[in-house]
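Here's the structure, in structure tokens; my notes come after.
Scope of the values below: all heavy atoms of this structure, side chains included, with no hydrogens, waters or symmetry mates. Throughout, protein chains are lettered first and strands after them, A, B, ... in sequence-line order, and every chain is numbered starting at 1.
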Amino acid sequence: MKHGPRALLATAACSSLAPTASAHLVSTELGPFYDGAAHPLVTPEDLLVILALATLAALRGAEGGRRALVGLCAAWTVATAASFAWGAPLSAPPLLVAGLLVALGLACAVNRAPSPRVLLALGIAVGVLHGLENGSAARAADGVWLSTLGIASGVFVVATLTTACGVHLERRGAAIALRVAGSWLAAIGLLFAGWQLAGPAG
Amino acid sequence: MTPRNVLITLLVLLFAPLARAHELRPAYLVLRETTENHFDGSWKVPARDNRRLGLYVRLPDDCVVVRELSGAFVDDAYVERWSFTHPAGLVDATIRIDGLRETLTDVLVRIERLDGSTQVERLSPERPEVVVRGALTKLQVAGTYTDLGVRHILGGVDHLLFVLGLLFLVRGRAMLFKTITAFTVAHSIALAIATFGYVNVPPALVNTLVALSILFLGPELVREQRGETSLTIERPWLVAFAFGLLHGLGFASGLTQLGLPHSEVPLALLSFNVGVELGQLGFVAVLLALGVALGELQVRFGPRMRRLPAYVVGSLGAFWLCVGLSALI
Amino acid sequence: MLHTIDLLALAALHETSGAGGFGSGFLHPLTGADHALAMIAVGLWGAQLGKPAVALLPVAFPLAMTLGAFVGFSGVELGAVEICIALSAILLGLVVMLETRPPLWLALLLVAGFAIFHGYAHGTELPEGEDGLRYSIGFVLSTGLLHAVGITLGLVHRHAWGRKLMRGLGGGVCIAGCWFLWSALR
């Protein structure tokens, strides 16, 4: 994707049609890389699902954490890039996000973490889903590849730090803290799902 | 995919495209006070094929335009110039950019006063106007320049890459502390000296030398990996200090470009330096936290992976050196 | 959309965006004294029961509570909610006061049952036009923190005077519950 004359004309066209141009990446005023990096931190959907996966994976110790992390980061990066490149207008339905949170959180609350292999697959699934969403949400921003890179770095940092925190707790025999966290995440997901289905906002 | 492969991919992704420039260009508005309350303005809007972006400057209503030159397309921009007077010297006046809300462009506004003070603002579609300020209070100076300092270091990939190289080179907490301190002290000294005008090195030369310092770290990192030793590996703080002076000159040219207030120069300088340190410490903190986290996750790197930072640092250093040299010539 | 946010203000983002979704969600469980007291009592009871209940009760409560909120959203009428909440405060206060030690499953069932009513009450009185996800985060966080307050208070349980204090607190919750019941019935 290049910002050639076409992009300029598109911008000009936008200004003539005067719609509200809304870039969905939060702006840090530090350029597209940092806008992307801040994205997983300030987008609750992304942050919560990363936390949920990290908590669940941490119940399986370092190996589980590693697998989930690898799957998540790789898939998220590739999916964001792919979404940028192909421009497929995809967005994850809120109910799917809520369901994912409930599933991951519940599995964690009842201490039924899947095997590292399944964790890897879960990481990939979550990464693809949210990466596609991020890619299409952020396409309005300039410097798309830098934003993709930023998103990838942001996700990597957040996921690594939270997973490591969880693994640390698990090793210290504080797995119960992870289960409590899981139940809170599941509760958030459940409440959000209820909100979507029949809440006051419709 | 093993964790190692993914990390390689991520690291390569992390550093490869950073050298690319910003592609969607901002528009520039410069207002220069020529005599008391009398300003020359120039307005440069991105354009292509004799089509300009629909951005227009709206000066405050009590401005009296003295002279207006018709606009012209210059290269890939459309440039307008005019001169005007304003009874209050624009203090507390609002300058709007019409049409900005409907675009994705940013506008850089720079107001230069007779006393040499400048105000630089970046306007965006969400904030299409600026209130021109009078003399800054001390707190405002400190806040503004700390903010500028943080932005400067976080935007300076070359500086961050050098710090990254140092982090990989250093072993042990005490040495890390010493090295980072040496780097900080050195660039603070150089920043001060250069800002006060005792030393004047052309920015292009500084950039080239900074690139050289990064290139220098590459082979040292390889040496460290091979278990060999050198002066750099035994006393990394020495290298950090020496090259810190260079990097400080780089910060100084950044600060000069941003413009210093006429009064409060020492305060602005100090705040800018504090901002740079904050940004740098934040970067180091994130990297160290990542290092601890990867250790907690028992991620083990093979010999090739461990050599990667050296090659990334070295090749980017070499690349920037070439760019810098070609700019010098 | 949020576009001009200073990096330093990012931390405060949840509060400033979404028209107070996080803030109103966070405050909601704290607004009703009956809710807040019952949740603190759950924390106190957990602390008295010791492991594993101290951890399992806070796991079960938020889930059961959101389940109740879910029911509340969907418009199912549970009826007599205020009375049930007052009763839950009385009963929870009572078990804390008497240091009752039922089997774990019974304790969990009791707490979960009450939690459903609490959640239901919250689910039926949600504000319009907020950001649903941020609201949910705030809601669950403050519920959890109320438990944490109870459990922290329960740290005094290892001292003899602390046990007496906790039973006294339980009695207080019980009396407050009676008052809530009276005002609900009136």
Side-chain angles (χ1 to χ4, degrees), chain A residues 1-12 14-23 27-34 58 61-63 65-67 69-71 73-74 77-78 81 120 140-146 148-149 152-153 156-157 159-168 171, chain B residues 1-7 9-11 13-18 20-26 46-49 51-55 76 98-106 122 124-127 147 150-155 157 279 286-287 289-300:
Chain A
M1 204 166 168
K2 279 181 186 156
H3 288 291
R6 208 181 299 163
L8 197 66
L9 281 181
T11 318
C14 280
S15 42
S16 64
L17 290 172
T20 43
S22 58
S27 174
T28 56
E29 298 196 333
L30 280 168
F33 176 81
Y34 290 98
E63 204 207 338
R66 271 201 314 268
R67 292 282 179 102
L69 192 61
V70 166
C73 292
T77 308
V78 172
L120 176 71
D142 56 354
V144 283
W145 291 113
L146 272 182
T148 310
L149 185 63
S153 317
F156 175 70
V157 171
T160 308
L161 293 184
T162 47
T163 312
C165 250
V167 169
H168 181 75
R171 198 173 325 164
Chain B
M1 221 173 175
T2 62
R4 192 192 310 150
N5 291 352
V6 172
L7 276 171
T9 319
L10 277 175
L11 275 175
L13 273 174
L14 190 63
F15 293 112
L18 287 181
R20 206 185 300 170
H22 216 81
E23 285 179 302
L24 201 60
R25 295 161 297 143
R48 188 82 50 119
D49 304 333
R51 283 164 180 274
R52 55 170 292 188
L53 275 181
L55 298 175
D76 48 2
D98 283 342
L100 182 57
R101 221 177 259 290
E102 289 79 33
T103 63
L104 293 171
T105 319
D106 284 354
R122 189 184 193 94
S124 58
E126 277 70 23
R127 194 176 70 105
D147 189 52
V150 173
R151 286 170 196 286
H152 185 72
I153 181 79
L154 291 185
V157 193
V286 169
L287 283 181
L290 272 182
V292 173
L294 290 177
E296 187 71 41
L297 292 169
Q298 296 166 6
V299 177
R300 289 189 225 299

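- For B/H152, there are no side chain to side chain donor-acceptor pair (under 3.5 Å) partners, not counting sequence neighbours.
- Judged purely by atom type and a 3.5 angstrom limit, A/R171 uses its side chain to pair as donor or acceptor with the backbone of B/E296.
- With A/Y34 contributing its side chain and B/L154 its backbone, the two residues share a donor-acceptor pair below 3.5 Å.
- Between the CG atom of B/L294 and the CG atom of A/L69 there is a distance of 8.0 Å, given to the nearest 0.5 Å.
- For A/E63, the side chain to side chain donor-acceptor pair (under 3.5 Å) test picks out A/R67, with sequence neighbours left out.
- Interface check for chain B: of the options A/A58, A/A62, A/C165, the most heavy-atom pairs under 4.5 Å are formed by A/A62.
- Using a 4.5 Å cut-off between heavy atoms, B/V292 makes no contact with chain A at all.
- Here the NE2 atom belonging to A/H168 is positioned 12.0 Å from the CG atom belonging to B/L297, to the nearest 0.5 angstrom.
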